[in-house]
Amino acid sequence: MQTNREFFNLYNHGFVRVAVGIPEVRVADVEFNAAATIALMHQAVDRHAALVLFPELGLTAYSCDDLFHQQPLIIGAIEALHKVLEASKSLNLVTIIGLPLQIDSSLFNCAVIVCQGSIMGVVPKTFLPNYREFYELRQFASAVAANRNTISLCGQSAIPFGTSLIFRADNKPNFCFFVEICEDLWVPIPPSSHAALAGATVLLNLSASNITTGKYDYRHSLVANQSARCLSAYLYTSAGTGESTTDLAWDGHAIIYENGALVAESRRFHNGSQLLSADVDLDRLTQERMRQNSFSQSVHFYRENIHQFREILFKTDLPVKEQLLCQRLYDRFPYIPSDPKTRNDHCNEIFNIQTQSLVKRLRHTGIQKIVIGVSGGLDSALALMVAARAMDTLQLPRKQILAYTMPGFATSDRTLANANAIMLAMGCTAHEIDIRPGCKKMLQVLNHPYMHGKPVYDVTFENVQAGERTSYLFRFANYHNALVLGTADLSELALGWCTYGVGDQMSHYAINASVPKTLIKFLIRWIIDSKQFSQEINTILLSILETRISPELLPGETENGRPAQHTEAIIGPYELQDFNLYYTTRFGYLPTKIAFLAYCSWHDRTRGNWPEPLANSRNQYTIGEIKHWLQVFAYRFFQKNQFKRSCIPNSPKVGSGGSLSPRGDYRAPSDSEATLWINNVKSIPDIRS
């Protein structure tokens with residue numbers, strides 16, 4: 001078992017904390033600029049960052065123009081570098097700073113990589129802008145003019161020099177970074193593209209980009225797309241307060257992206273220095289590269305370029321104290337955007353995907369009727385909404401939706417009332433069939449103890465009811481030349497909470513099979529809020545949303561007309577299990593990492609964003625609770641229930657979170673063992689001391 005200090009430390013779960021500094025500068029005042037830089041280095045260490053990036057030519061200021069050709073400034077920049085080196089000796093931190101360096105007879109715009117008093121490498125700028133407001137070719141030479149690959153600097157010799165340098169942490173191999181400078185990103189093929197193929201997971205850009213109208217959005221676009229194409233993290237920083245405003249203005253814009261997603265951004269037009277930090281998920285980047293085989297194909301196509309890179313190993317003492325993800329919060333509901341507009345757009349798109357998929361299946365088969373079982377629960381409610389919209393699209397009467405509610409031994413008054421109400425309000429052909437006589441006949445044939453007056457409510461007792469319902473649905477479909485529309489959702493398939501073959505695992509078309517339970521709730525909420533149907537239907541849907549989730553298979557006293565059997569008490573809270581499912585199937589993370597992410601997201605209900613409306617149901621969980629339900633998930637998902645997923649009906653994939661179709665996202669053996677995952681779960685602490 002990991003110690004608390006080890007488990008609750010982000011560096012032990014594939015993360016690295018990085019920082020971007022924007023120091024206040026004075027033009028050509030290298031002593032002031034070095035002091036501002038060193039102060040931010042100390043702040044980065046206080047935040048337990050492993051790396052900090054500074055702007056282009058930050059030790060001199062970028063806007064020095066022809067002062068760069070003055071010897072006092074060139075010599076002063078090296079003296080400032082000496083001070084940074086001295087300060088770095090006591091800091092467990094990789095620092096990347098910008099300054100001009102005269103190498104042989106040329107002046108280069110350089111990034112110097114410093115770690116604990118040592119210069120690990122120097123990277124000169126390749127592409128020098130010489131258009132509009134930029135005149136860099138007047139002061140600097142391009143990296144292509146360099147005629148050596150090592151230099152001596154600040155009393156250190158044989159320092160790697162060039163543009164094809166990759167720096168890899170010897171004690172954390174996935175922490176591998178590459179440095180490019182400003183304009184290098186703005187060209188058709190940035191140097192970082194090849195660096196990513198050569199193994200760099202973190203791309204760094206020292207920039208001094210001035211600000212003009214619209215440039216802010218363009219920077220975001222450039223960095224977002226480069227990080228997405230390269231499946232990398234990308235750190236970008238530009239110059240801020242103190243640069244000369246003779247002809248230009250500066251906004252101090254810094255951004256950090258990970259695989260196309262913004263994870264941190266600075267305050268623009270801020271007076272004074274500032275430090276931006278973020279936690280980068282290196283496991284996610286390496287997993288994405290492994291899964292996206294076009295990335296490895298690109299490695300093959302550009303192997304000659306890749307072979308030119310030199311790898312420089314370094315070792316830094318990573319923080320060992322407890323470090324949660326305070327700089328970056330993962331959504332508690334990974335299938336559901338927390339931003340209301342994005343969430344509404346996603347719900348609209350998913351509902352349309354489901355509708356159009358069902359329309360296509362009906363058109364292709366020539367079938368004009370749908371058979372659906374309506375339980376009064378969430379899944380069948382959503383499926384019924386999709387069926388109604390599909391009929392509307394096909395200009396067929398909703399009466400051709402043959403809806404059946406089939407109360408059994410444990411059906412509650414509330415769900416039965418909701419089922420009957422929504423079938424009638426939707427305008428479909430509604431039926432109520434009592435399955436208890438048929439179930440009793442089957443139980444009698446089986447000589448089940450229940451038929452002898454004994455309260456034995458085993459899996460046979462449950463599945464007889466599930467099988468009776470499914471048998472009715474398929475026979476009605478045969479008789480009416482109709483299609484059985486399945487209602488089982490992604491969460492139930494993941495946990496095996498469905499009856500194989502003769503139950504809700506089987507249908508002619510499974511419309512909800514890639515929609516997790518948590519998302520179904522929000523889809524129904526969106527249907528209500530966007531007024532897709534009548535107010536009468538919305539009132540019924542609200543009642544369904546407020547009903548506790550239950551299979552209603554085991555007899556027992558109901559609670560105020562509500563179901564007594566509680567699904568989530570058996571298989572775990574769906575909000576936690578959907579979290580586990582997403583990070584298991586989407587990224588293949590270790591259970592320990594999933595538990596760490598879950599704890600960071602769920603241990604304190606007051607932190608982070610909650611997708612509305614969840615005002616009255618904001619739960620939080622201890623590490624012990626997270627561990628318990630993750631073990632339930634690992635066993636049910638990896639060992640017990642794959643056989644059910646190996647032969648599921650057709651169903652449309654709705655999101656990047658994936659599906660469990662054996663024909664699509666997830667192919668796995670039906671008889672694998674869960675030992676590896678369960679053993680890993682055991683190393684999760686039971687408490688946080």
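Values below: all heavy atoms of this structure, side chains included; hydrogens, waters and symmetry mates excluded.
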Check against side chain to side chain donor-acceptor pair (under 3.5 Å), Asn259 and Ser227
CA-CA 5 Å; Asn259 193 20; Ser227 72; over 6 Å; no
Once you round to the nearest 0.5 Å, how far does [atom1] of [X] lie from [atom2] of [Y]?
X	Y	atom1	atom2	result
Ser273	Gln43	OG	CD	8.0 Å
Ser338	Arg332	OG	CZ	10.0 Å
Gln577	Leu630	CD	CG	7.5 Å

The test is side chain to side chain donor-acceptor pair (under 3.5 Å); show your working for Gln620 and His603 and say whether it passes.
CA-CA 5 Å; Gln620 65 184 36; His603 80 282; over 6 Å; no
So, for [X] and [Y], is the gap between ring centers shorter than 6.0 Å?
X	Y	result
His346	Phe522	no
His13	Phe7	yes
Tyr666	Phe637	yes
His220	His253	yes
Phe579	Tyr583	yes
Tyr257	Tyr236	no

Would you please classify the geometry between the Phe596 ring and the Phe15 ring as parallel, tilted or perpendicular, with 30° and 60° separating the classes?
tilted
In chain order, what residues pass the side-chain hydrogen bond (donor to acceptor under 3.5 Å, both in side chains) check against Arg389, with sequence neighbours excluded?
Gln532
Salt-bridge present ([X], [Y]; N to O < 4.0 Å):
X	Y	value
Asp379	Lys521	no
Arg343	Asp529	no
Arg219	Glu265	no

Trace of the ring-ring contact (aromatic ring centres under 6.0 Å, His included) decision for Trp629 with Trp602
CA-CA 13 Å; Trp629 292 121; Trp602 286 97; over 10 Å; no
Have [X] and [Y] got a donor and an acceptor in their side chains that come within less than 3.5 Å?
X	Y	result
Asp604	Tyr599	no
Gln505	Thr499	no
Ser380	Ser375	yes

Under the criterion side chain to side chain donor-acceptor pair (under 3.5 Å), I'd like the reasoning laid out for Ser232 against Thr201: C-alpha separation, chi angles, the key distance, then a yes or no.
CA-CA 5 Å; Ser232 68; Thr201 53; over 6 Å; no
For Met423, the option from Ile372, Ile401, Thr405, Ile540 that meets side-chain contact (heavy atoms from CB on, under 4.5 Å)
Thr405
Working note: Asp578 + Lys517, criterion salt bridge (Lys or Arg N to Asp or Glu O under 4.0 Å); need CA distance, chi angles, decisive distance, verdict.
CA-CA 8 Å; Asp578 281 357; Lys517 185 76 78 177; over 6 Å; no
